[in-house]
**Student:** 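Here it is, the structure in full.
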Amino acid sequence: MISSQTMKYVFYPAADKAAAPTLVMLHGTGGDENDLISLAGNFPGNWNVLGVRGNVTEQGMPRFFRRISFGVFDEADVAFRADELAAFLKELAAKEGLDAGKLIAVGYSNGANIAGAILTREPSLFAGVAMWRPMQPFTALPEFHGTAPVLTTSGRFDPTVPTTHVAAWQSALQEAGYEVEGHMLASGHELTGEDIELTANWLARWQ
Ligand code: MLT
C-alpha cells in the first residue's frame, strides 16, 4: 500500500512572487527541504525558492521514492511519488499565487531522479529542469514528449551512475524533444563548484 501524504517544505518568496520564476530545490538521499537552499543563493536573485522534503524514509534518511537496493528503484513508487510531487507543486503554486508556468526544478541525485520521472509523466509541469548526477528513473521509459530546457551534470568517476547510463538517459530526453545540455565533469557523485557555475549560467535564460 503506497500512502500519499502532504509534503514538508520551506518557501522563500520573491519580492514579486506572482511574476517571478520559482526554483524547486530537490535534495539527495538523507537531505531535507533545507539542504539545497543555500546553493540557490548562487542563482539569479529575486526568484521564489522552494525546498521540498521527500515523503519516503530509508533507515531514517529522507528520499523521494523507495529503492529495492542501491541503484535499483521501486519503479511503482517512483511513478506514484512523481505524481504526488507534481500534484503538490501545482497545489502550492495555486495556494501561493505563483506562476505555475515558471517552475524550475533543481535536483541532486535522488532529487534529480524524481524530477526526471516527472519529465516523463508530466512534461508540461516544469519550465526547466537541472539534474545533478541523474539516473534514468525507469528501466523501460513510457512514450513521452517535452520541449523544456534540461541541464544534466554528471561525474566521470561517479560510482553510482555509469557514464553509459548518463548518455542513454540524455539521448532518451533528447529524442522526447527536450532541449538537453549535458556536462560530464571530472568528479564523482559529489557536487562541485562547476555544477553550480554551469547551473547559474543555464538559469540566466529566465532572468
Ligand atoms: C542515491 O543514493 O540517492 C542514488 O544515488 C540515487 C537514487 O537512489 O535516486
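One-based numbering along the sequence shown.
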**Student:** Could you go step by step and tell me if Ile104 and Val24 meet the side-chain contact (heavy atoms from CB on, under 4.5 Å) rule?
**Tutor:** CA-CA 6 Å; Ile104 301 162; Val24 181; over 6 Å; no
**Student:** Once you round to the nearest 0.5 Å, how far does CZ of Phe70 lie from OG1 of Thr160?
**Tutor:**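 With rounding to 0.5 Å, CZ (Phe70) is 3.5 Å from OG1 (Thr160).
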**Student:** At what distance, to the nearest 0.5 angstrom, does CD of Glu181 lie from CH2 of Trp202?
**Tutor:**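 Taking CD in Glu181 and CH2 in Trp202, the distance rounds to 8.5 Å.
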**Student:** Can you give me the closest heavy-atom contact between Thr6 and Asn55, atom names plus distance?
**Tutor:**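 So the two residues come closest at O-OD1, 3.3 Å.
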**Student:** Give the minimum heavy-atom separation between Leu173 and Val150, together with the two atoms involved.
**Tutor:**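 Closest heavy-atom pair between Leu173 and Val150: CD1-CG1, 4.2 Å.
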**Student:** Verify whether one side chain among Ser154 and His183 offers a donor that lies under 3.5 Å from an acceptor in the other.
**Tutor:**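 The criterion, which ignores hydrogens and geometry beyond distance, is not satisfied for His183 and Ser154.
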**Student:** Working to the nearest 0.5 Å, report the span between NZ of Lys8 and CZ of Arg53.
**Tutor:**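 One finds 5.5 Å between NZ of Lys8 and CZ of Arg53.
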**Student:** When you group the ILVMFWY residues by side-chain heavy-atom contacts below 4.5 Å and let the links chain together, are Leu125 and Val180 in the same group?
**Tutor:**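 In one cluster with Val180: Leu125, yes.
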**Student:** Which heavy atom of Ile196 sits nearest a heavy atom of Phe43, and at what distance?
**Tutor:**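 Scanning both residues, the minimum pair turns out to be O-CE2, 3.6 Å.
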**Student:** Begin with the C-alpha distance, continue with both residues' side-chain angles, and end with the deciding distance and a verdict on side-chain contact (heavy atoms from CB on, under 4.5 Å) for Leu85 and Val52.
**Tutor:** CA-CA 9 Å; Leu85 176 58; Val52 185; 4.0 Å; yes
**Student:** Compare every heavy atom of Ala40 with every heavy atom of Val49, then report the nearest pair and how far apart it is.
**Tutor:**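 So the two residues come closest at CG1-CB, 3.9 Å.
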**Student:** Any donor and acceptor pair, going by atom type alone, linking the side chain of Asn46 with main-chain N or O of Ala14 inside 3.5 Å?
**Tutor:** no
**Student:** Would one find more than 12 heavy atoms of other residues, nucleotides or ligands at under 6.0 Å from atom CG of Asn201?
**Tutor:** yes
**Student:** Please tell me whether Phe126 and Met7 are part of a single hydrophobic cluster in this structure, the criterion being side-chain heavy atoms less than 4.5 Å apart.
**Tutor:**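 Yes; tracing contacts between hydrophobic side chains, which count when under 4.5 Å, links both residues.
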**Student:** Do Pro123 and His145 come close enough that some side-chain heavy atom pair is under 4.5 Å?
**Tutor:** no
**Student:** Decide yes or no for Ile114 and Leu26: does some side-chain heavy atom of the first lie under 4.5 Å from some side-chain heavy atom of the second?
**Tutor:**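 Result yes, sub-4.5 Å side-chain heavy-atom pair found.
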**Student:** What verdict does the salt bridge (Lys or Arg N to Asp or Glu O under 4.0 Å) test give for Arg67 and Asp77, after you've listed the backbone C-alpha separation in whole Å, the side-chain angles of each residue and the deciding distance to 0.1 Å?
**Tutor:** CA-CA 8 Å; Arg67 60 179 165 188; Asp77 198 53; over 6 Å; no
**Student:** Please determine whether residues Leu203 and Trp132 belong to a single hydrophobic cluster, defined as Ile, Leu, Val, Met, Phe, Trp and Tyr linked transitively by side-chain heavy-atom distances below 4.5 Å.
**Tutor:**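 In one cluster: yes.
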**Student:** Determine whether the side chains of Asn110 and Thr29 contain a donor N or O and an acceptor N or O closer than 3.5 Å.
**Tutor:** no
**Student:** Do Phe11 and Pro13 make a side-chain contact, defined as non-hydrogen atoms from C-beta onward lying under 4.5 Å apart?
**Tutor:** yes
**Student:** Under the side-chain contact (heavy atoms from CB on, under 4.5 Å) rule, what do Asn48 and Leu23 come out as? Steps first, then yes or no, please.
**Tutor:** CA-CA 6 Å; Asn48 301 308; Leu23 285 173; over 6 Å; no
**Student:** Between Phe64 and His27, is the ring centroid distance below 6.0 Å?
**Tutor:**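 When the ring centroids of Phe64 and His27 are compared, they turn out to be within the sub-6.0 Å range.
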**Student:** Given Ser109, which partner from the list His189, Met131, Met135 fulfils the side-chain contact (heavy atoms from CB on, under 4.5 Å) test?
**Tutor:**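 Exactly one option meets the side-chain contact (heavy atoms from CB on, under 4.5 Å) with Ser109, and it is His189.
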**Student:** Do Leu185 and Thr192 make a side-chain contact, defined as non-hydrogen atoms from C-beta onward lying under 4.5 Å apart?
**Tutor:**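 When only atoms from C-beta onward are counted, Thr192 and Leu185 do touch, with a gap below 4.5 Å.
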**Student:** Side-chain polar contacts of residues 90-101 - donor-acceptor pairs under 3.5 angstrom, sequence neighbours left out - could you list them?
**Tutor:**
| residue | atom | partner | partner atom | Å |
| --- | --- | --- | --- | --- |
| Lys90 | NZ | Glu122 | OE1 | 2.9 |
| Lys90 | NZ | Glu122 | OE2 | 3.4 |
| Lys95 | NZ | Tyr9 | OH | 3.0 |
| Glu96 | OE1 | Lys17 | NZ | 2.7 |
| Asp99 | OD1 | Gly101 | N | 2.8 |

**Student:** With a cut-off of 3.5 Å and sequence neighbours excluded, list every side-chain donor-acceptor pair involving residues 161-172.
**Tutor:**
| residue | atom | partner | partner atom | Å |
| --- | --- | --- | --- | --- |
| Gln170 | NE2 | Thr152 | OG1 | 2.7 |
| Ser171 | OG | Ala167 | O | 2.9 |

**Student:** Whether the side chain of Tyr108 engages the backbone of Met25 through a donor-acceptor N/O pair (distance < 3.5 Å, no angle test) should be reported.
**Tutor:**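 No: the side chain of Tyr108 does not pair with the backbone of Met25.
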**Student:** Give, for atom CG of Asp83 and atom CD1 of Ile118, the distance between the pair rounded to the nearest 0.5 Å.
**Tutor:**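 Result: 8.0 Å between the selected atoms.
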**Student:** Any Lys/Arg nitrogen of Asp195 or Arg133 sitting under 4.0 Å from an Asp/Glu carboxylate oxygen of the other?
**Tutor:**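 The answer is yes: the pair qualifies as a salt bridge.
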**Student:** Inspect the contact between Arg66 and Glu75 and indicate whether a charged nitrogen and a carboxylate oxygen are less than 4.0 angstrom apart.
**Tutor:** no
**Student:** Against the six-membered ring of Phe65, is Arg63 placed for a cation-pi contact (under 6.0 Å from the centre, within 45° of the normal)?
**Tutor:**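 Yes; both conditions hold, so Arg63 lies above the ring face of Phe65.
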**Student:** Is it the case that one hydrophobic cluster holds both Trp206 and Tyr178, taking links as side-chain heavy atoms less than 4.5 Å apart, direct or via other members?
**Tutor:** no
**Student:** What closest approach, in Å, do Phe138 and Arg121 show between heavy atoms, and which atom pair accounts for it?
**Tutor:** CZ-CD, 4.0 Å
**Student:** To the nearest 0.5 angstrom, please state how far the CZ atom of Arg81 sits from the CG atom of Asp74.
**Tutor:**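 So the gap between those two atoms works out to 9.5 Å.
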**Student:** First locate atom CG of Leu151, then atom OG1 of Thr153, and finally report the distance between them rounded to the nearest 0.5 Å.
**Tutor:** 6.0 Å
**Student:** Under a single-linkage definition using a 4.5 Å side-chain heavy-atom cutoff for Ile, Leu, Val, Met, Phe, Trp and Tyr, are Tyr12 and Val106 assigned to the same hydrophobic cluster?
**Tutor:**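 Yes: a chain of side-chain contacts under 4.5 Å links Tyr12 to Val106.
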**Student:** Which heavy-atom pair separates Gln136 from Phe73 by the least distance, and what is that distance?
**Tutor:**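 Where Gln136 meets Phe73 most closely, the heavy atoms are O-CE1, 3.9 Å.
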